[in-house]
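Residues: numbered from 1 along the sequence shown. Only heavy atoms go into these numbers, but all of them, side chains included; no hydrogens, no water, no symmetry mates. Remember, it's 1-based here, ligands and their atoms both numbered in the order they're listed. Keep in mind it's a predicted model, so treat the numbers as computed, not measured.
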Amino acid sequence: MTERSESDREADVSAGDMAPEDFRRHAHEVADWMADYLATVGDLPVFPDLEPGAIRDLLPEEPPDEGEPMDRVLSDFRDVVVPGLTHWNHPRFFGYFAITASGPGILGEMLTAALNVNAMVWRSSPVATELEEHTTDWLRRLLGLPPEFDGVINDTASSSTLCALAAARAVAWPDAHERGLFGCVPGRVYASDQAHSSVEKAVLTLGLGRSGFGAIPSDREFRMDADALAEAIRVDLEAGVRPVAIVATLGTTSSASMDPVAEIAQVASEFGVWLHVDAAYGGAAAIVPELAPLFDGWQGADSIVVNPHKWLFTPIDCSVLYCRRPADLVAAFSIVPEYLKSSEQASARSLMDYGVSLGRRFRALKLWFVLRHFGRGGLVAAIREHVRLARVLAGWVEQADDWALVAPVHLATIAVRFDPGWAPDAEDRANRRIIERVNRSGEAFLTHTVLAGRTVIRVSIGNLKTTHADVARVWASLRGAADIVRAEGETP
Ligand SMILES: Cc1ncc(COP(=O)(O)O)c(C=O)c1O
């Protein structure tokens, strides 16, 4: 091949895409950057010490009129983007739910971008459809779910829950598909007061209104009260309100509590109501034999969501929705216009029929890479270690004066509280000040929640790089910040 000049390449740029040799050079550079990043991210501050607007101030107001060299773009990536990151792939990221974009997952994601296929129907890329069927079936086997559960991959649990509840709505009002909900009796979806906001958002999106969400009280361990659920359904039936679905959560957002799903499944079956299980975070733990009993009863669900992008080391986004009767999803969503018809549509799945989106990313590729790279053994070992580290930290908290563990530890996310015996409001503020201090230090990243009316600090362990030393460091940071806050007093 003859050497091509820089100007030839510039011509390529103006006529079309980046020249292949330039792509190769930059791709190698980017791959090297990524490998270095993954090896050293633990040395960076987890959270950038910036004020809102600081990043936009660095960017030109107008878009470029002329194309810019990629070297300059990549240099700005390093100088503008990286310093503005909260590093989710950092071993001391303990906020929200800690996650990992693992090596194999990143490789899958890179290839997905290059392939750029759209998994709408089988022929729009046969392997995208079939690998999605196959990887979700592998995951089902790993989770110990029965074969009738059929999986599709969505972007997020919010979408998965929306789709599941849309199917439940279509089952609850079979003729609403034709007529809409106008003139129908009101309906209700029940979930505990600890359920994720995505459930209520789905209820609103599906036109059931705010009153279409029934919050069921939870007990002292933040688990849904199944008797209260049954009673709420009885009262609604007497009042002419139609129960549409129950959502049980396995791994709630605030405390990682586990709803009593077997009891809830019994209530669902007694009243003939759709049971959706939100195991977006917790579901991955069902792979670990000694944790599987926490999931007893979820086999009775009509639909289940598990997010590999939460605790299964797959880069965002990847959420698997399992449905016992996938035909219910298809009934809720399928519309096949002429331009999407194909000769194999009776014999092959059209993924577009299982949700809102027509265009769908080839997300199965990265999940396939992850499942193959780690295997069952690797996944079990990693999740087991996270749970062990969470218990170690919980033990330190329990032994410390002025600190309290606020919820039982089932998984790898714990809720703790600095508890110096001040007035409740002052203590709540103190816990927020501690989080702010730790985050601003760059040492670790934490987020808060409110449990039983009190502000608490969540520590979520879910990154593959997190070690005992990292957990010891966040505990030292928490105690150090608490010492300063205590010295500042109740109202600094
Ligand atoms: C229990 C639970 N369900 C659902 C969600 C929503 O997940 P996603 O961001 O994938 O929509 C979350 C998010 O953290 C969650 O904690």
| query | Is atom CG of Leu59 surrounded by more than 12 heavy atoms (other residues, nucleotides or ligands) closer than 6.0 Å? | reply |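 Enclosed: over 12 neighbouring heavy atoms sit under 6.0 Å from CG of Leu59.
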| request: Taking atom CD of Gln266 as the centre, report whether more than 12 heavy atoms of other residues, nucleotides or ligands fall under 6.0 Å from it. | output: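 Check fails, neighbour count at 12 or below.
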| query | Are the side chains of Arg325 and Glu148 in touch, meaning some heavy atoms are under 4.5 Å apart? | reply |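 When only atoms from C-beta onward are counted, Glu148 and Arg325 do not touch, as no gap falls below 4.5 Å.
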| task | Step through it carefully: locate the ring centre of Tyr37, locate the ring centre of His87, and say whether they are under 6.0 Å apart. | result |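 For Tyr37 and His87, the ring centres are under 6.0 Å apart.
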| field | Ser303 versus His276, side-chain donor and acceptor atoms under 3.5 Å | value |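 A donor-acceptor contact under 3.5 Å links the two side chains.
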| message | With side chain to side chain donor-acceptor pair (under 3.5 Å) as the criterion, how do Thr253 and Tyr281 come out once you've worked through the C-alpha distance, each side chain's angles and the decisive distance to 0.1 Å? | response | CA-CA 8 Å; Thr253 314; Tyr281 163 61; over 6 Å; no
| query | For ligand 1, what is the set of protein residues having any non-hydrogen atom at a distance below 4.0 Å? | reply |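 Ligand 1 pocket, heavy atoms under 4.0 Å: Phe97, Thr156, Ala157, Ser158, His196, Ser198, Gly251, Thr253, Asp278, Ala280, Asn307, His309, Lys310.
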